[in-house]
Protein chains: 2
Amino acid sequence: MSGVCAFNDLMSKNSANYVSLSPLSFIKRAASVYPNRKAVVYNEIEYSWSETYKRCCKLASALKRLGVSRGDVVATMLPNVPAMYEAHFGIPMVGAVINAINIRLDAAAVAFILSHSKTKVLLVDPELAGVVSKALSLLEGRSPVVINVRDDSYTQGSEVGDLEYETLLDAETDVGGWQLPSDEWDAIALGYTSGTTGDPKGVVTHHRGAYLNAVSNVLSWSLPQEVTYLWTLPLFHCNGWCFPWTMAAIAGTNVCLRRVDAKQIVALIKRHGVTHYCGAPIVHSMIADAVQGGVDEFSHKVHGLIAGAAPPASILERMENIGFDLTHVYGLTETYGPAAVCAKHADWDNLPLEQRVLLNGRQGVAYPLQEEVAVLDPETLLPVPFDGETVGEIMFKGNIVMKGYLENEKATKEAFSGGWFHSGDLAVVHPDGYLKITDRLKDIIISGGENISSLEVESVIDSHPSVHMVAVVAMPDSKWGEVPAAFVQLRDGCAVSEAELISYCKERLASFKTPKKIIFENLQTTSTGKIQKFHLRQKLAGAA
Amino acid sequence: MSGVCAFNDLMSKNSANYVSLSPLSFIKRAASVYPNRKAVVYNEIEYSWSETYKRCCKLASALKRLGVSRGDVVATMLPNVPAMYEAHFGIPMVGAVINAINIRLDAAAVAFILSHSKTKVLLVDPELAGVVSKALSLLEGRSPVVINVRDDSYTQGSEVGDLEYETLLDAETDVGGWQLPSDEWDAIALGYTSGTTGDPKGVVTHHRGAYLNAVSNVLSWSLPQEVTYLWTLPLFHCNGWCFPWTMAAIAGTNVCLRRVDAKQIVALIKRHGVTHYCGAPIVHSMIADAVQGGVDEFSHKVHGLIAGAAPPASILERMENIGFDLTHVYGLTETYGPAAVCAKHADWDNLPLEQRVLLNGRQGVAYPLQEEVAVLDPETLLPVPFDGETVGEIMFKGNIVMKGYLENEKATKEAFSGGWFHSGDLAVVHPDGYLKITDRLKDIIISGGENISSLEVESVIDSHPSVHMVAVVAMPDSKWGEVPAAFVQLRDGCAVSEAELISYCKERLASFKTPKKIIFENLQTTSTGKIQKFHLRQKLAGAA
């Protein structure tokens with residue numbers, strides 16, 4: 001008998017030694033081991049893990065009563081309130097798929113998502129009743145059942161539909177009726193990408209991946225058991241990077257937050273002893289601005305994850321001055337949020353600030369439980385040399401990569417071509433194996449046959465003391481094909497002319513990389529802190 | 001189209017979004033992200049993660065050259081030296097199964113294991129050459145290929161066979177030829193239980209479970225990235241409770257240790273800044289004894305996991321006095337080592353010592369990524385009430401439960417009967433859901449129809465100031481069927497008579513629980529710190 005046979009002829013998987021990996025297991029254990037520990041805090045509301053678990057079970061039971069079952073979609077139009085946290089457990093508990101819709105979207109986009117996802121039930125915050133009722137009016141075919149989620153601390157809003165969240169929960173008594181998915185590959189969430197062109201795509205993720213990335217967050221950030229986590233990051237953004245599930249895995253405390261307000265954030269950090277939070281650079285910058293004192297302002301250490309863009313020197317320095325510790329992560333909706341981390345090394349601590357900025361500004365290495373991140377030539381799929389210069393596309397491989405795009409076989413096939421997930425981001429790899437994004441594929445400016453990284457030009461303009469924000473895009477040019485143009489928002493009270501800024505760039509950049517046009521305006525960012533460059537390109541095209 | 005279909009009609013698993021869970025991924029990442037960080041330290045030897053990874057790859061390549069392939073068994077007779085650590089990666093890298101044999105076994109037991117497991121290759125330490133060569137002489141049929149693992153710091157030993165470990169590694173140049181298992185359910189390890197009666201059983205574990213328990217150790221102990229781990233726990237004991245893989249997952253430093261010597265342990269803790277270690281109560285007790293000073297003796301906090309028996313008050317108190325923090329875990333070979341943890345609560349810290357001892361002395365709750373531990377009526381499989389009194393059998397369910405016993409279908413079926421893994425340990429559950437072992441099924445003493453917990457009797461005798469160690473077993477009795485008898489080892493320089501001890505018990509125990517006989521002798525423990533009670537019962541039977 002060969003070795004393999006001896007080991008495989010054993011009894012097959014059974015219910016004692018094989019269970020689907022699902023983050024639902026985390027909340028069950030949190031409620032059982034730490035029933036009285038604070039789970040969710042929102043203004044004057046405080047739920048223990050036992051209470052939160054019961055509320056999630058009741059939500060599941062209520063959804064079942066509404067006819068929701070395995071594979072159905074339940075959507076949310078909610079800010080970071082307790083119901084939004086509960087939705088991340090209650091919805092998958094009935095085998096349904098949570099579709100956390102970006103609450104900054106307009107009615108048409110919401111209508112598209114509700115229709116494309118065949119959403120059966122929709123949870124709505126009073127602040128969003130207006131846009132939702134407009135979206136519902138745009139729907140052809142069957143509308144979802146709407147559940148209003150009242151909020152005593154927000155009384156300006158209105159309601160859509162007949163059902164109310166707390167009333168539904170109050171009517172439920174069954175708290176043990178849910179089950180783990182029979183297959184860990186079952187969908188747990190659906191998230192629509194913002195889509196720089198065309199209709200948004202619906203990213204489908206599964207229980208196995210959500211479980212693993214929730215744990216990966218713990219490893220990546222060395223999270224101990226007693227963390228207090230502030231929800232500055234929208235839960236509708238890649239399901240809060242899997243942190244709802246992470247917090248259950250370590251029985252931490254979730255501090256909810258309806259809107260990102262710097263003064264309130266600082267007050268909550270002090271009031272609840274918040275130790276951890278996540279956000280785009282703008283969130284960290286706002287916090288640093290709002291802190292009046294220095295490192296003595298807080299009696300405890302605060303840790304932030306920063307993503308969406310490399311943290312500029314000014315943010316790193318200001319956060320250090322107030323005693324905050326930042327870690328840079330990178331990922332996409334398709335990778336459940338963070339999939340790479342700029343893992344720190346002890347010997348970096350003693351380097352001068354500007355070197356630390358360069359080192360920590362990189363997107364880094366694979367997230368702990370993500371199998372592989374690589375920078376490959378998109379044609380040959382061969383890795384680029386680790387020379388810090390050769391540009392390739394960032395690709396991922398592992399269990400924390402989406403199932404695919406909902407009802408979009410073409411896009412799914414393209415995304416997985418060659419057995420790698422193609423991120424669409426371009427990067428170089430430094431000699432230490434850390435990758436550094438140079439640009440989005442579509443944000444590259446090709447001028448006279450030369451590739452120009454818009455990020456490189458932006459970082460030069462960003463270093464000018466009068467500049468608050470900048471975005472560089474390609475402008476059509478009859479001679480060069482494309483040339484760089486910069487949209488610049490100045491700091492309050494600062495003034496600088498187009499000619500001055502262009503000459504500032506000329507001193508620091510190759511001539512072909514210097515922007516040929518500067519447009520001064522207030523830049524709009526998405527809810528996740530990103531500037532949508534296609535809007536800027538459209539403006540230029542319109543002006544041309 | 002139903003919801004389920006829409007989500008399952010997506011492209012199936014592909015190499016971009018599905019990878020076998022295997023702890024081998026951890027060492028690849030550690031070598032890539034932290035190539036220069038210390039991985040393995042042994043006397044004057046220091047290997048970085050890059051070096052350790054290369055050495056494991058070379059071991060894999062050498063094994064392949066020796067004809068080892070998927071499902072073959074490679075065994076070790078090694079103490080906690082670097083080669084033993086490397087074996088935990090190099091062997092599974094070729095798809096083979098590591099069979100880490102208990103080095104305290106005699107030649108007959110080693111021969112049984114080599115034969116039953118069909119071991120193809122055996123790694124041997126010079127200290128164990130004698131017992132191994134005797135075991136090989138007992139083998140019928142083909143002997144395994146033997147690789148001697150020389151150790152410059154241990155020159156007393158001899159060698160068996162022709163191959164030498166370092167020479168084999170030196171001959172290899174291929175370091176990239178290994179692959180993850182194609183199936184995460186593939187066997188990774190084989191571990192023989194000590195077997196209180198009959199032949200030992202070969203517990204087979206798989207890559208998925210090893211991966212999950214390695215991570216579960218991180219969650220359970222809140223392990224940060226920069227730990228230095230001292231190998232006081234034998235690596236042959238449930239593969240060091242999966243800690244070889246845990247250390248790779250967090251790129252910690254492994255400090256190797258040939259034998260448990262209290263003075264050397266204290267010296268190593270100071271020299272290398274050891275932060276974490278594991279062991280049976282005796283290990284912790286030895287350390288506490290060896291520390292001369294108090295809490296100021298160490299400049300850093302040291303954390304210990306304690307298992308094998310509940311930590312007695314004396315150990316908890318002495319460890320606290322030297323500033324060590326102990327966490328109590330419980331598990332079996334069948335559950336990859338720790339599968340339950342006495343998870344601490346912040347409000348326990350302020351309780352008096354004796355209450356802390358009672359709380360921390362419980363086996364507790366499910367390990368973070370273990371699905372379920374429960375105390376069930378062995379007949380009905382219904383949970384016992386959480387009353388701290390009703391006794392049931394501890395059972396497990398989850399991904400961190402063995403595949404089964406090698407070539408032993410009967411024992412496998414029994415162990416999994418009713419869809420639970422039956423531990424054979426008896427316990428009660430306290431009102432907070434924490435379980436507390438009362439006895440091994442076979443260690444129960446049944447006297448006149450009453451069940452007597454040998455643990456209860458032991459804890460009373462153990463509280464006598466002159467007693468160093470105690471073991472209580474059943475002694476045949478013509479009137480009562482069985483009565484308790486106690487084997488007692490006194491502290492050095494202490495004296496107490498049989499009559500005195502019996503009367504000490506009578507004051508504290510029901511009469512039928514009081515031992516009828518006390519035997520004073522030095523108690524032998526197994527390499528894992530356990531007293532093998534069947535030996536003691538045999539002695540009594542022989543004396544009767």
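Throughout, protein chains are lettered first and strands after them, A, B, ... in sequence-line order, and every chain is numbered starting at 1. What you see is a predicted model; the values in this text were computed from it and never measured.
Every residue meeting the salt bridge (Lys or Arg N to Asp or Glu O under 4.0 Å) condition with B/Glu184, not counting sequence neighbours, appears here in chain and number order: A/Arg208, B/Arg208. Applying the ring-ring contact (aromatic ring centres under 6.0 Å, His included) criterion to B/His430, with sequence neighbours excluded, gives no partner residue.
If you tally non-hydrogen atom pairs under 4.5 Å between each of A/Ala366, A/Gly418, A/Gly433 and chain B, the highest count goes to A/Ala366.
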_If you apply the rule side chain to side chain contact (heavy atoms under 4.5 Å, CB included), what do you find for B/Leu180 with A/Glu371, and how did you get there?_
CA-CA 11 Å; B/Leu180 290 177; A/Glu371 197 60 26; 3.5 Å; yes

*For side chain to side chain contact (heavy atoms under 4.5 Å, CB included), just list the numbers for A/Val365 and B/Arg29, CA-CA rounded to whole Å, side-chain angles, deciding distance to a tenth of an Å, and then say yes or no.*
CA-CA 9 Å; A/Val365 295; B/Arg29 184 177 186 272; 3.8 Å; yes

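With rounding to the nearest 0.5 angstrom, the CG atom of A/Leu219 is 9.5 Å from the OG1 atom of B/Thr246. Remark: A/Ser32 OG to B/Tyr434 OH distance equals 8.5 Å, nearest 0.5 Å. Separating the CG atom in A/Asn14 from the OG atom in B/Ser417 is a distance of 10.5 Å, to the nearest 0.5 Å. Rounding to the nearest 0.5 angstrom, the gap separating the NZ atom in B/Lys397 from the OH atom in A/Tyr18 is 15.0 Å.
The part of A/Val341 that comes within reach of chain B is its side chain, from C-beta onward, which places non-hydrogen atoms under 4.5 angstrom from that chain. Contacts of B/Tyr34 with chain A are made by both backbone and side-chain atoms, with heavy-atom separations under 4.5 Å. Contacts between A/Leu369 and chain B at a heavy-atom distance below 4.5 Å involve backbone atoms as well as side-chain atoms. Looking at B/Val373, neither its backbone nor its side chain comes within 4.5 Å of chain A, counting heavy atoms on both sides. When heavy atoms are compared at a cutoff of 4.5 Å, B/Lys28 approaches chain A solely by way of its side chain, counted from C-beta outward. Using a 4.5 Å cut-off between heavy atoms, B/Met402 touches chain A through its backbone atoms (N, CA, C, O) alone. Only the backbone of B/Phe396 comes within contact range of chain A, judged by heavy atoms closer than 4.5 Å. With a threshold of 4.5 angstrom between heavy atoms, B/Glu334 does not approach chain A through any atom at all. In this structure, chain A has heavy atoms under 4.5 Å from both the backbone and the side chain of B/Gln225.
For the pair B/Phe416/A/Asn17, a side-chain contact is recorded, criterion being any heavy-atom separation below 4.5 Å from C-beta on. Side-chain contact check for A/Asn36 versus B/His345: every heavy-atom pair is 4.5 Å or farther apart. Here the side chains of B/Tyr211 and A/Leu212 are in contact, with some heavy-atom distance below 4.5 Å. In this structure, the side chains of B/Asn399 and A/Leu21 come closer than 4.5 Å at one or more pairs of heavy atoms.
The two atoms that bring B/Ser222 and A/Pro224 nearest to each other are OG-CA, 3.5 Å, heavy atoms only. When all heavy atoms of B/Ala343 and A/Val33 are compared, the pair lying nearest together is CB-CG1, 4.0 Å.
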